Number of protein chains: 2
Amino acid sequence: MPATVTFRLGTLGALVTERFTARLADLDLKPKHVGVLTALAAGPPASQQELAGLMGVAPSLLVALADHLEAIGAIARTRDAGDRRRMVLTLTARGRKLLAKCGALAQEFDAELTGSLTADQRGQLSDLLGVLAAENGLPT
Amino acid sequence: MPATVTFRLGTLGALVTERFTARLADLDLKPKHVGVLTALAAGPPASQQELAGLMGVAPSLLVALADHLEAIGAIARTRDAGDRRRMVLTLTARGRKLLAKCGALAQEFDAELTGSLTADQRGQLSDLLGVLAAENGLPT
DNA sequence: TATTGTTATACTCTATAACTATA
DNA sequence: TATAGTTATAGAGTATAACAATA
């Protein structure tokens with residue numbers, strides 16, 4: 001078991017998420033909030049339903065995530081003029097700055113995590129994970 | 001963000017865990033149960049406190065995990081004769097068989113997950129993850 | 001008094017279901 | 001009637017705290 005990619009991805013993923021979540025707390029964010037910001041940064045402004053579908057979470061969860069992101073000024077919520085049922089989420093300047101800080105934190109964490117690897121190995125690892133991420137519909 | 005190893009390990013880890021957990025359900029096991037079995041298979045019979053410390057979970061959780069593993073006959077719980085406070089957990093023949101089935105499921109899942117990689121790339125990925133796992137005190 | 005296992009309780013995360021407003 | 005968002009409720013997973021037996 002412990003030698004499988006399945007086991008190693010699962011355990012390392014949990015460990016990385018736990019430690020990175022702790023650092024994210026300084027920015028008043030949790031991983032799913034970063035997921036929303038990342039999705040918004042990657043595409044055009046989107047509705048909550050679209051984002052929920054994209055992230056594979058319940059629409060009701062996206063309400064709570066958007067509530068918080070709006071409260072800290074990271075996103076703006078505007079009602080769609082064409083279809084007044086839809087709430088369109090837009091990344092604010094503050095949201096973009098926050099996301100950039102998340103990226104910096106992640107890069108910092110990357111450096112610590114992969115510190116013992118050669119630059120070549122770091123590149124290989126990142127590439128291989130990128131292939132798997134892309135194949136499984138995760139952001140790239 | 002999405003290009004960092006941190007983000008990719010976190011998201012892929014969650015995805016792999018979710019999908020693998022579903023298959024594990026056929027064996028009436030959850031990931032943490034496999035963690036206990038794996039720890040027991042790796043070393044000598046251990047107490048619940050030792051295992052909880054090793055896995056980084058609360059002792060109270062290990063009670064529930066051991067309850068279930070005992071109920072399905074995967075482990076035996078015997079009171080330590082030298083220190084009657086300790087419950088020593090031992091892998092049974094059935095537990096070993098179950099763990100082997102978990103390994104087979106994981107290898108099967110590995111094949112699907114890394115199907116698009118070359119054999120060389122699969123080896124590289126496994127090795128690199130193994131290095132990170134070892135450095136962070138995870139089973140190898 | 002300290003430690004092992006256990007039980008009771010509470011907290012976090014997230015989903016499902018019911019509800020409101022709009023289409 | 002169907003859909004976007006929201007609110008209410010419930011479930012899974014896990015930790016903390018209180019407790020019992022043994023050291």
Side-chain angles (χ1 to χ4, degrees), chain A residues 10-11 13-25 28-36 39-40 44-71 75-90, chain B residues 10-11 13-25 28-36 39-40 44-71 75-90:
Chain A
T11 51
L15 181 140
V16 163
T17 298
E18 182 195 329
R19 295 197 189 157
F20 188 62
T21 300
R23 306 197 183 187
L24 228 38
D28 202 9
L29 293 176
K30 303 201 171 165
K32 292 258 147 100
H33 295 126
V34 181
V36 173
L40 283 175
S47 76
Q48 296 183 184
Q49 297 276 349
E50 290 162 354
L51 289 168
L54 207 62
M55 293 176 60
V57 302
S60 59
L61 175 55
L62 221 117
V63 173
L65 296 173
D67 279 351
H68 181 72
L69 290 172
E70 188 181 30
I75 64 169
R77 236 173 182 165
T78 56
R79 206 161 275 283
D80 186 329
D83 181 346
R84 295 185 46 72
R85 291 171 306 181
R86 293 164 45 95
M87 289 295 248
V88 176
L89 306 191
T90 317
Chain B
T11 52
L15 181 141
V16 163
T17 297
E18 182 195 330
R19 296 198 189 157
F20 187 62
T21 300
R23 305 198 183 188
L24 227 38
D28 202 8
L29 293 176
K30 303 203 170 162
K32 293 260 146 99
H33 296 126
V34 180
V36 174
L40 282 176
S47 76
Q48 296 183 187
Q49 297 277 348
E50 290 162 354
L51 289 168
L54 208 62
M55 293 176 60
V57 302
S60 59
L61 175 56
L62 221 118
V63 172
L65 297 173
D67 279 352
H68 181 72
L69 289 173
E70 189 182 29
I75 63 169
R77 236 172 180 166
T78 56
R79 205 162 275 285
D80 186 327
D83 181 345
R84 295 188 45 74
R85 291 172 307 183
R86 294 164 46 93
M87 288 296 248
V88 177
L89 307 191
T90 316

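Each chain gets a letter, A, B and so on, in the order the sequences are listed, and its residues count up from 1. Keep in mind that this is a model prediction, so the values were computed, not measured.
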Between C:dA8 (P) and B:Asp67 (CG): distance, integer Å:
13 Å
Pair B:Asp67-B:Arg77, side-chain contact (heavy atoms from CB on, under 4.5 Å): steps then yes or no:
CA-CA 9 Å; B:Asp67 279 352; B:Arg77 236 172 180 166; 2.7 Å; yes
OP1 or OP2 of C:dT14 under 4.0 Å from side-chain N/O of A:Lys32
yes
Without decimals, in angstroms, what is the distance between B:His68 NE2 and D:dA12 C1'?
15 Å
Which part of the nucleic acid does B:Gln48 contact within heavy-atom distance under 4.0 Å: base, sugar-phosphate only, or nothing?
sugar-phosphate
Under 4.0 Å: is that the gap between some side-chain N or O of A:Arg86 and OP1 or OP2 of D:dT6?
no
Can you tell me which nucleotide in D:dT3, C:dA15, C:dG5 comes closest to the side chain of B:Met87?
C:dG5
In whole angstroms, how far is the P atom of D:dA4 from the CG atom of A:Leu61?
17 Å
Which of D:dG5, C:dC13, D:dA15 is nearest the side chain of B:Ala58? It is D:dA15
For B:Leu89 and B:Leu40, work out which heavy atoms get closest and say how close.
O-CD2, 3.5 Å
Over all strands shown, is A:Gly53 touching base, sugar-phosphate only, or nothing at heavy-atom distances under 4.0 angstrom?
nothing
Taking atom C1' of C:dT12 as reference, at what distance in whole Å does atom CG of A:Leu65 sit?
13 Å
Any donor-acceptor N/O pair under 3.5 Å between D:dT22 base and B:Arg84 side chain:
no
Please classify the nucleic acid contact of A:Arg79 as base, sugar-phosphate, or nothing, using heavy-atom distances under 4.0 Å.
nothing
Send over the distance from A:Leu62 CG to D:dG5 P, rounded to a whole Å.
9 Å
Could you tell me if the side chain of A:Met55 sits less than 4.5 Å from the side chain of A:Leu62, heavy atoms only?
yes
How many Å lie between CE on A:Met55 and C1' on C:dC13, as a whole number?
13 Å
Is B:Leu29 close to B:Leu69 at the side-chain level, that is, under 4.5 Å between some pair of heavy atoms?
yes
To the nearest angstrom, the CG-P distance between A:Asp80 and D:dA4 comes to 11 Å
Nearest-neighbour nucleotide for the A:Asp83 side chain, D:dA23, C:dA23, C:dG5 considered:
C:dA23
Checking B:His68 side chain against B:Asp28 main chain: does a donor-acceptor pair fall under 3.5 Å?
yes
Name the nucleic acid region contacted by A:Ser60, choosing base, sugar-phosphate or nothing; use a 4.0 angstrom heavy-atom cut-off, strictly under.
base
To the nearest angstrom, the CZ-P distance between B:Arg77 and C:dT4 comes to 15 Å
